Structure formats: structure tokens, C-alpha cells
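Here the structure is a predicted model, which is why all the values come from computation and not from measurement. Just the heavy atoms: all of them, side chains too, but no hydrogens, waters or symmetry mates, feed the values below.
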Amino acid sequence: HLADLWLLRDLKRLVEHELIRSHMDVKTVARMYCVTDDFHARRLATACIDYIMDNIREVTGNVSFQEEMRNYPHLCIPVLKAAADLIPEQPMHKKQRTNDHGGSTTPGGGAVSSPVPDSDL
């Protein structure tokens, strides 16, 4: 907080850089990411999200990540958005009908009997 309080931006940047360069790993990234909220450390938050995305299975499987996210649930949203960005968009395919009556046909064009009876007996 001293960097914010006394407007020591360079000190804050230096600390963020050192944390990113030398101290970020699967076990520490969750705690680092959560303190970014308290200290308004945007660069560190971005680096943490990038690290989480690069190591998503290891990080999200880590107990410390799960515990930290319970204490900072609002920080899950940026992580989820970043994860969603990793998923390639695919067009939605509509189910195609085989004919106007909703029945099925065989590849030769013949009707296929339904396992559901047509009438209630």
C-alpha cells in the first residue's frame, strides 16, 4: 500500500516485476492473484491470469488455488473469461429433420419402425 499511498509507482512496478519474474509458480500464483485485488496491481493480475491459463490444469487442481478463490470469488470471473477465450468458437449445428412427418427412413428410402407405438392400447 505504500506505493499507492506515497505515489511510488516505480516501486510498485519493480515489486510486481520481481514477483512475476522470480516468484510465480503453481503454488504461489493463487495468493499473488488474490493480493492484486487488495493492492490494485493490474500488471501482476494480468500476469497471474496469463500464468493460470498457461498452466490451467495444474493451477486449478492445486488446493491453494481452490481455497484462495473461495475467499475472493469475484476474481473467478476474469479467470473464467480468459478460459473462455481459449475455447475456439464453433458454429452451432441445428438438428436436421429427415422428412416432414418426423419419421426416420433407412438409407435406401424405406420407413423404419419406431420403438414407440403409434397408439395407446
Nearest 0.5 Å, what's the [atom1]-[atom2] distance between [X] and [Y]?
{"X": "H40", "Y": "K12", "atom1": "NE2", "atom2": "NZ", "result": "7.0 Å"}
{"X": "R42", "Y": "E16", "atom1": "CZ", "atom2": "CD", "result": "10.0 Å"}
{"X": "M69", "Y": "H74", "atom1": "CE", "atom2": "NE2", "result": "8.5 Å"}
{"X": "L75", "Y": "L80", "atom1": "CG", "atom2": "CG", "result": "11.0 Å"}
{"X": "I49", "Y": "I56", "atom1": "CD1", "atom2": "CD1", "result": "11.0 Å"}

Same cluster (ILVMFWY, side-chain, under 4.5 Å), L86 and I77: no
Which atom of [X] lies closest to which atom of [Y], heavy atoms considered:
{"X": "F65", "Y": "A30", "answer": "CA-CB, 3.4 Å"}
{"X": "L44", "Y": "M24", "answer": "CD1-CE, 4.0 Å"}
{"X": "R57", "Y": "T60", "answer": "O-OG1, 3.6 Å"}

All side chain to side chain donor-acceptor pair (under 3.5 Å) counterparts of T28, not counting sequence neighbours: D25
Side chain to side chain contact (heavy atoms under 4.5 Å, CB included) partner of Y51, the single match among V26, I20, T46: V26
Donor-acceptor contact below 3.5 Å, side chain E68 vs main chain R31: no
Student check: side-chain heavy atoms of M53 and V59 closer than 4.5 Å: no
